[in-house]
Amino acid sequence: MATAEINVVFEGPNTADGVSLHDLNSTFRRVQDAVRQMASHLAGVETRGRPPEWLRDQISLRLLTVFPGSFGTTLALSPGRTRHGGNDFGIDALEAIFEWSGEDDGALPAEVIASLTAIGTGLSADVHRVRLDDLQNGRQVVINRTQRERQRARRRPRPEVEILLYGRLLEVDWKNGTAQLHNYGERPVDLRFAASLNEAMRQLATRYVSVRGIGRSDSRDEWETIAVREIEAERSVLDDFYSREPKIFDPEKATSFYQHNDDDPVDIEEFIRIIYEARDQ
């Protein structure tokens with residue numbers, strides 16, 4: 001018999017007295033997400049975003065009853081749902097979920113498994129596990145509460161140090177006192193400067209400069225915003241290359257080495273001596 005109704009049972013030492021709205025809401029939302037994702041996968045519909053109207057009609061779960069004991073609820077697909085292309089993807093989705101072994105073995109799409117396992121991480125300490133029961137066919141999916149152990153370790157911030165950097169001064173914003181230092185092939189370094197440096201920043205904008213300031217590096221060993229203390233113009237390697245006078249070949253000053261006889265071996269030491277003497281003139 002096809003499954004159209006499921007029981008969602010909350011188990012724990014105090015669940016006979018009820019469960020929190022947080023546990024209810026978190027669990028129901030993730031059950032509905034799993035059904036939506038599974039149905040979308042079966043129907044070949046994009047699993048992210050709002051599904052089409054016909055699919056929403058087939059997968060919408062309704063709360064039918066609440067029963068005591070281990071606190072439980074009965075959820076059911078809407079009785080008024082219509083088939084689409086001869087398919088009832090709500091039923092097909094529930095059938096697939098109840099065939100799940102509880103392992104990440106590829107039997108279900110990864111996003112469906114993620115929604116089901118997230119039920120356990122969303123539970124409070126009052127609930128030890130949630131059981132999804134298929135009453136028509138006697139099947140169960142059991143999801144245990146799991147603690148969220150993945151927390152970012154609190155790292156002490158690295159100390160601020162004095163630093164000297166070189167680069168081209170760009171993106172100067174006098175109003176906000178910010179700028180960037182650019183070096184080819186590297187991530188731009190953000191700068192912060194006081195109003196007393198406004199004139200220097202104006203004069204040196206787009207120039208290659210040296211910046212001395214205070215800052216700290218992040219976990220990737222990249223500099224965070226540097227507080228500028230001093231800034232001076234420098235000559236970059238590229239500037240230095242273009243500023244040099246090109247050497248012009250002068251035949252009168254050319255260095256020559258004459259070998260008297262082509263059959264004689266070259267006197268390497270004599271050759272090197274002549275080159276050195278010409279270089280040092």
Exercise. In terms of hydrophobic clustering (I, L, V, M, F, W, Y; side-chain heavy atoms under 4.5 Å; direct or indirect links), are Val66 and Ile6 co-clustered?
Worked result: yes

Exercise. Ser20 versus Asp126: any side-chain heavy-atom pair under 4.5 Å?
Worked result: no

Seminar exercise, completed: Taken to the nearest 0.5 Å, the spacing of Gln37 CD from Ser115 OG works out to 3.5 Å

Exercise. Are any side-chain N or O atoms of Asp173 and backbone N or O atoms of Lys175, one a donor and one an acceptor, separated by less than 3.5 Å?
Worked result: yes

Problem set entry | Polar side-chain atom of Thr27 near backbone of Leu24 as donor-acceptor pair, under 3.5 Å | no

For this session: For Ser40 and Arg36, run side chain to side chain donor-acceptor pair (under 3.5 Å): C-alpha distance rounded to whole Å, both residues' side-chain angles, the deciding distance at 0.1 Å, then the answer.
Result: CA-CA 6 Å; Ser40 296; Arg36 173 182 58 81; 5.2 Å; no

Exercise. Do the side chain of Asp23 and the main chain of Ser124 share a donor and acceptor less than 3.5 angstrom apart?
Worked result: yes

Problem set entry | Expected output: side-chain Gln32 to main-chain Ile59 donor-acceptor under 3.5 Å | yes

Exercise. Mind checking whether Ile119 and Leu21 sit in one hydrophobic cluster, side chains of I, L, V, M, F, W, Y counted as touching below 4.5 Å?
Worked result: yes

Exercise. What is the distance from atom CD1 of Ile231 to atom CG of Leu197, rounded to the nearest 0.5 Å?
Worked result: 7.5 Å

Exercise. Is there a donor-acceptor pair under 3.5 Å between the side chain of His22 and the backbone N or O of Gly122?
Worked result: yes

Exercise. Looking at CH2 of Trp100 and CG of Leu116, how far apart are the two atoms once the value is rounded to the nearest 0.5 Å?
Worked result: 5.0 Å

Seminar exercise, completed: d(Leu77 CG, Leu64 CG) to nearest 0.5 Å is 10.0 Å

Problem set entry | Leu63 with Val19, same ILVMFWY side-chain cluster at under 4.5 Å | yes

Seminar exercise, completed: Heavy-atom closest pair (Leu191 atom, Gln180 atom, distance to 0.1 Å) is CD1-C, 4.2 Å

Exercise. Between Arg212 and Glu232, is there a side-chain N and carboxylate O pair less than 4.0 Å apart?
Worked result: no

Exercise. Ile226 and side-chain contact (heavy atoms from CB on, under 4.5 Å): which partner among Asp190, Leu181, Ile163?
Worked result: Ile163

Problem set entry | Nearest heavy atoms of Ala39 and Leu55, plus distance in Å | CB-CD1, 4.1 Å

Exercise. Can you tell me how far the CZ atom of Phe71 sits from the CD atom of Glu11, to the nearest 0.5 Å?
Worked result: 13.5 Å

Exercise. Take atom CZ in Arg62; do more than 12 heavy atoms of anything else shown fall under 6.0 Å from it?
Worked result: no

For this session: Determine whether Ser210 and Leu164 make a side-chain contact, defined as any pair of heavy atoms from C-beta on separated by less than 4.5 Å.
Result: yes

For this session: Would you mind reporting whether Tyr208 and Asn183 have side-chain heavy atoms less than 4.5 Å apart?
Result: yes

For this session: Taking Arg168 for its side chain and Thr206 for its backbone only, find out whether a donor-acceptor pair lies under 3.5 Å.
Result: yes

Problem set entry | Pro159 and Arg216, any side-chain heavy atoms less than 4.5 Å apart | no

For this session: Look at the side chain of Ser60 and the backbone N and O of Asp57, then say whether any donor-acceptor pair between them is shorter than 3.5 Å.
Result: no

Problem set entry | Same apolar cluster (I L V M F W Y, side chains within < 4.5 Å links), Val9/Leu75 | no

For this session: Compare all side-chain heavy atoms of Thr178 with those of Glu171 and state whether any distance is below 4.5 angstrom.
Result: no

Seminar exercise, completed: Closest non-hydrogen contact found for Ile214 with Glu162 is CD1-CA, 3.7 Å

Exercise. Is Glu95 salt-bridged to Arg139, going by a charged N under 4.0 Å from an acidic O?
Worked result: yes

Exercise. How long is the gap from CZ on Phe28 to CG on Leu61, to the nearest 0.5 Å?
Worked result: 9.5 Å

Seminar exercise, completed: In short, Thr15 meets Ser70 closest at the heavy-atom pair OG1-CA, 4.0 Å

For this session: Considering non-hydrogen atoms only, spot the tightest contact between Met38 and Val112 and give its length.
Result: N-CG2, 3.6 Å

For this session: Using side-chain contact (heavy atoms from CB on, under 4.5 Å) as the criterion, point out the one residue from Arg207, Met201, Gln203 that pairs with Leu169.
Result: Met201

Problem set entry | Non-hydrogen atoms of Ala4 and Gln136 that approach each other most closely | N-NE2, 3.7 Å

